[in-house]
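Notes for the one structure printed next.
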Amino acid sequence: MANEFEVELDNDIKLEEPKKYKVFLLNDDYSTMDFVIEVLVNIFRKKQDDAAQIMLNIHNKGKEVCGVYTHEIAATKVAQVTTLARERGFPLKAIMEEE
């Protein structure tokens, strides 16, 4: 005596890419250029030359994109920047915006 059942599967499942978020660093008058470069190298994994260029863009434009990530990774990067900046006594701020 075997039990048999039919399962109807929905074959029209639509998969979507997760939303992406841009992470920006904001300019301030107190965080040193060296510290900003350190953040870009260590948290955002930028090469030294790229980090220096991004740092100059932040300084001149007020903010600059440091990377584009899924929500969870972007939020983690923002938290890492905030934590490191506070530990070192800098007001450096990172924000994220939906792409």
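All residue numbers in this chain count up from 1 along the given sequence.
Val65 and Val41 fall into different hydrophobic clusters, defined by Ile, Leu, Val, Met, Phe, Trp and Tyr side-chain heavy atoms under 4.5 Å apart, directly or through other members. Leu26 is connected to Val68 through a chain of hydrophobic side-chain contacts under 4.5 Å among Ile, Leu, Val, Met, Phe, Trp and Tyr, so both are in one cluster. One hydrophobic cluster, built from ILVMFWY side chains closer than 4.5 Å, cannot hold both Ile54 and Phe24; they sit in different ones. If you chain together hydrophobic residues whose side chains sit under 4.5 Å apart, Val81 and Ile95 never meet in one group.
To the nearest 0.5 Å, atoms NZ (Lys63) and NZ (Lys22) are separated by 8.5 Å. Distance check, rounded to the nearest 0.5 Å: CZ of Arg45 to CG of Asp50 gives 14.5 Å. For the atom pair CG (Leu92) and CZ (Arg86), the distance works out to 7.5 Å, reported to the nearest 0.5 Å. Expressed to the nearest 0.5 Å, how far NZ of Lys46 lies from CD1 of Ile37 amounts to 13.5 Å. Atom OH in Tyr69 sits 4.5 Å away from atom NZ in Lys77 (nearest 0.5 Å). Residue Met96 holds its CE atom at 6.0 Å from OH of Tyr21, rounded to the nearest 0.5 Å.
Side-chain contact between Asp28 and Phe90: absent, with no pair of heavy atoms (C-beta onward) separated by less than 4.5 Å. You'll find the side chain of Phe44 reaches within 4.5 Å of the side chain of Val23, heavy atoms only.
Considering Leu84, Thr82, Thr76 as possible partners of Gln80, the one that fulfils the side-chain contact (heavy atoms from CB on, under 4.5 Å) test is Thr76.
Judged purely by distance below 3.5 Å, without hydrogens or angles, the side chains of Asn57 and Gln53 pair a donor atom with an acceptor atom.
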